[in-house]
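Within every chain, numbering begins at 1; the chains are lettered A, B, ... in the order of the sequence lines, protein sequences first and strands thereafter. Since the structure is predicted, the reported quantities are computational estimates derived from the model, not experimental observations.
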Amino acid sequence: MEYNFRDIEKKWQQRWVENKTYQVVEDKNKPKYYVLNMFPYPSGAGLHVGHPLGYIASDIYARFKRLQGYNVLNPMGYDAYGLPAEQYAIQTGQHPEKTTFQNIDRYREQLDKIGFCFDWDREVRTCDPVYYKWTQWAFQKMFNSFFCLKEQKALPIEELIHHFETKGSRDDDGGPIKVACTEELHFSAEEWNSWDEKKKSDVLMNYRIAFMGETMVNWCAGLGTVLANDEVVDGVSVRGGFPVEQKKMRQWCLRVSAYAQRLLDGLDTIQWSDSIKETQKNWIGRSEGTEVEFKIADSDESFTIFTTRADTMFGVTFMVLAPESELVAKVTTPEQKAAVDEYIKYVKGRTERERMIDHKVTGVFSGSYAINPFTGDKNPIWISEYVLAGYGTGAIMAVPAHDSRDYAFAKHFGLPIIPLIEGADVSEESYDAKEGIVCNSPKADLSSSQQEGATSFSLNGLTVKEAIAATKKYVTETGIGRVKVNYRLRDAIFSRQRYWGEPFPVYYKKGIPTMIPEECLPIELPEVDKFQPTETGEPPLGNAKVWAWDEVNKKIVENSKIDNETVFPIELYTMPGFAGSSAYYLRYMDPHNNQALVSKEADEYWQNVDLYVGGSEHATGHLIYSRFWNKFLFDIGISCKEEPFQKLINQGMIQGRSNFVYRIKDTNTFVSFDKKGQYEVTPIHVDVNIVNADILDVEAFKAWRPEYATAEFILNDEGKYMCGWAVEKMSKSMFNVVNPDMIVEKFGADTLRLYEMFLGPVEQSKPWDTNGIDGCHRFLKKLWKFMTNEEGTINVSGNAPSKAELKALHTLIKKETADIESFSYNTTIAAFMVCLNELTKLNCDSREVKEALTVLLAPFCPHLAEEFWHLLGHTTSVCDAAWPVLNEDYLKEDSVKMMVAFNGKARFPLEFPANVTKEEAEKTALADPQAKKWMEGFTVVKVIVVPGKMINVVLKK
RNA sequence: GCGCUUGUGGCGGAAUUGGUAGACGCGCCAGACUUAGGAUCUGGUAUCUCCGAUGUGCAGGUUCGAGUCCUGUCAGGCGCACCA
């Protein structure tokens, strides 16, 4: 009987549903293992063969762990909020929920065909009120928290309020309070207590973890909303490609920056790839440096700069402020005012994009000078766009000799350059390396630099590293400055002016943002009749006529004994895409819980994700936000683990392999790839589904599009039309999309699963090429033939397995057990093929061997494995079988083969008994007649014996 | 510019701690069975001047021995990018 994959797969997929084979419940008697895929955004295009790659890889791992006796959680859900559905809604008036649900159904249908072991009872959808209740809840918790820098954790805002009431903004040591804030504020307890509600609320916003701030945002008029930095590439939106401009707006933000150090430290505790860790480190951008205070000459004002090169204090020749800096107005002298204003105007007219692309040297002198606290020198203060307001203090000390940007500026404006490192030649370019011996600090010529305010402090003779340390110590002791750590990581903007997202659980009471009581959550997304902004320019939620909020408002009004007619305005912004995807992994642990995001028991049982699989493109988005979100939940005692994803595997992208036909210019004649050289041709993408092994199906091509119906062809000498090909992104427009449904239909899900894994390492990007799939399909057909007889029943005898059979089997057990653990699936499959070949040659009909083989097959080809298991007489699922135990004894050889090599060059093998000693092997090898031939005319210097591998004889003339 | 990462046959890709480079599959070649083959089976398949020599992007180095370790360099991919 033939391998009938269609019937087999259909049958088992049904039975898995009927028997709830993949339903998982907490079981304290078993160790847990949590496997998770990044949940997909269900796009209208459906799945192509690239999408399931990660799901298959994790499915294999999940099944493997289950067979090893773990209680495996492997859930799936949908990241349902997204711009495409909303854009579609704006264009067609179709509710985004409707398209989203349609897409979800389509995804589910496609996923089901591939035979995953997802526990669908735990499915979550971010747009489901039952789910986003907890997104809103978490936001409220963040609103009601601040970040204590001393304890490095989130604490209830009440503690901060209490501190303000009693001590103001001063810490116990008299300095400013050590909490994460937008800007440092100074006030006394009396001042605090005298303020009204509105003022207090405004001040607290400076400290809350979820806060409202005025920020420069990436405003995308085309989409009518703000975008996160990672949603903007080259000045246009990733979705839609609309232009993006900078605009100051009132926005909800999350104080992600408060967690910068913990986000950095946490990387050492998780098993992620170096490249992702590096990307995150880069993104967090920690830099250790020194803040130094510079007095403004002839003024009481001073300002602080940040530098990582404290050793270059003696090389400062000018100062630079960011054009946006508040100091600009203070330092600009009346004489320079016109020039400065003009410059500021120029900078404002430049878009972020222009500033990013061309690094023009521009700037203007402010008219003021700053006094270098080390030398007493007066340094001119300049204003230039190359200094960024958002980093450090927005002001720098310029050391042109040792910083290339300062150098370019100094050269352009004719400012002095003082080299500070022995032997550094700065006549052509700056010497930026942090290496060498410091000199000129201070200058040897004391008399000229011995002016008022100069120190006797010297760095001369020290290495750069030593000089930095010495300067840090000095500025700290003298109070000129302090050691400071800066981070590049910025706070996340958390609001969008869109419809299709989570509404904020916030209303405005006399202009004060106020949290809706927890028991009234969730605030459901209201119906609207159009999805665009309102006529008055409010976000689309302003179109809502009926709100769930109305009821809540009534309750609040009743409880607070104010005029029953009062209607408080509700927040009309919605949350961004990353809101719902930041803690979804916790929800899978306990998806139906209506009392908590996750119960203590479920959280303590499942802990965190052991294996997370998804694309590396989320490195600076989702993977930072969810780590931040989870750390916050850890701080407030919801999650018992600080890091959400212990091990991360980034599956590579599956690229498309496009095919081309070549049309001869101005004709409807197409020439085969191998003959196109003789003509002037235009390559045209052709649907890969009508091409097989680069040979075009000419008739199908004619039928493909009306304009090709009359096409003529110049075929090659074999009478075939050969197509050209290229590796490109898999996309509809390139006609290279391969649909998994089609592969499943033609070869079966088990073949698809096998082939996707056989293609190469999971983490590597590679082009999809359907041509190779035959090999995997053939393997399954051979396996079917090996396992069953003509009648389609299993072919076994009661015979005990032979030694050779056991050896073949246990070689596979050893290889597969180790390889799955390291996600080396392609080599496992190769080993399986070798093993099958071996057993087929041996005519193996042992039940023991076939049972073990079935279990070994189960992670990769669950349908076929179930069928074999069933045919072997089992009534339970193969998922509940036990992973075969390796017996190394079967792998032992009676004899060992060693390669005899001369001067490292392998020549011939020799066979020895398994227990041969080094000395015996050496003696035998040297006495061998073949060896004698090789050694003629040489003397033996020494012999190196690597047991079981080789005997290397070192020869000399 | 900085950081990470990858370079192995016609192709996808294998190679524990340095120890017979090219497993396994595709493709190709030959043969068998066939009315037929885009079915199935068997064998072969790195290169060359084919005894033998040369081969893992390139150039060096360490070693008895290097795809693997070290130094430099080139090329592709990804991330960040005026971050002081």
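With rounding to whole Å, A:Leu759 atom CG is found 7 Å from B:rG13 atom P. Whole-Å rounding puts the A:Asp274 CG to B:rU5 C1' distance at 10 Å. Straight-line distance from the NZ atom of A:Lys281 to the C1' atom of B:rG3: 11 Å, rounded to whole Å. A:Phe409 places its CZ atom 18 Å from the P atom of B:rA84, with the value rounded to the nearest Å. Here the P atom of nucleotide B:rG18 and the CE atom of A:Met899 are 20 Å apart, to the nearest Å. Here the P atom of nucleotide B:rC78 and the CD atom of A:Gln651 are 16 Å apart, to the nearest Å. Here the C1' atom of nucleotide B:rC41 and the NZ atom of A:Lys785 are 8 Å apart, to the nearest Å.
The closest side-chain donor-acceptor pair between A:Asp491 and A:Ser257 falls under 3.5 angstrom. For the residue pair A:Gln261 / A:Arg286, a side-chain donor-acceptor distance below 3.5 Å is found, with atom types taken as modelled. Defined by atom type and a distance below 3.5 Å, a donor-acceptor pair is present between the side-chain atoms of A:Tyr343 and A:Thr362.
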Could you list all N or O pairs between the protein and nucleotides 21-28 of chain B that sit under 3.5 Å apart?
residue, atom, partner, partner atom, Å
B:rC26, OP1, A:Arg778, NE, 3.3
B:rC26, OP1, A:Arg778, NH2, 2.5

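Using a 4.0 Å cut-off between charged side-chain N and carboxylate O, A:Glu435 and A:Lys465 make no salt bridge.
Distances shorter than 4.0 Å separate none of the side-chain N or O atoms of A:Lys277 from OP1 or OP2 on B:rC4. Between A:Gln764 and B:rU6 there is no side-chain polar atom (N or O) within less than 4.0 angstrom of OP1 or OP2. An OP1 or OP2 oxygen of B:rG3 is reached within less than 4.0 angstrom by no side-chain nitrogen or oxygen of A:Thr279.
For the pair A:Lys746 and A:Lys949, nearest-nucleotide mapping onto RNA chain B gives the more 5' position to A:Lys949. Both A:Lys360 and A:Glu278 lie near RNA chain B, and the one whose nearest nucleotide falls closer to the 5' end is A:Glu278.
You'll find that the side chain of A:Arg488 is closest to B:rA81, out of B:rA81, B:rA39, B:rA84.
A:Glu291 is linked by a side chain to side chain contact (heavy atoms under 4.5 Å, CB included) to A:Thr304, A:Phe306, A:Thr393, A:Arg482, A:Lys484, counting only residues two or more places apart in sequence or in another chain.
Across all strands shown, A:Val387 has heavy atoms under 4.0 Å from base atoms, whether or not it also approaches the sugar-phosphate.
Residues A:His777 and A:Phe5 place their aromatic rings such that the two centres sit under 6.0 Å apart.
For the ring pair (Phe, Tyr, Trp, His ring centres under 6.0 Å) with A:Tyr755, the qualifying choice from A:Phe747, A:Trp768, A:Phe779 is A:Trp768, the only one to do so.
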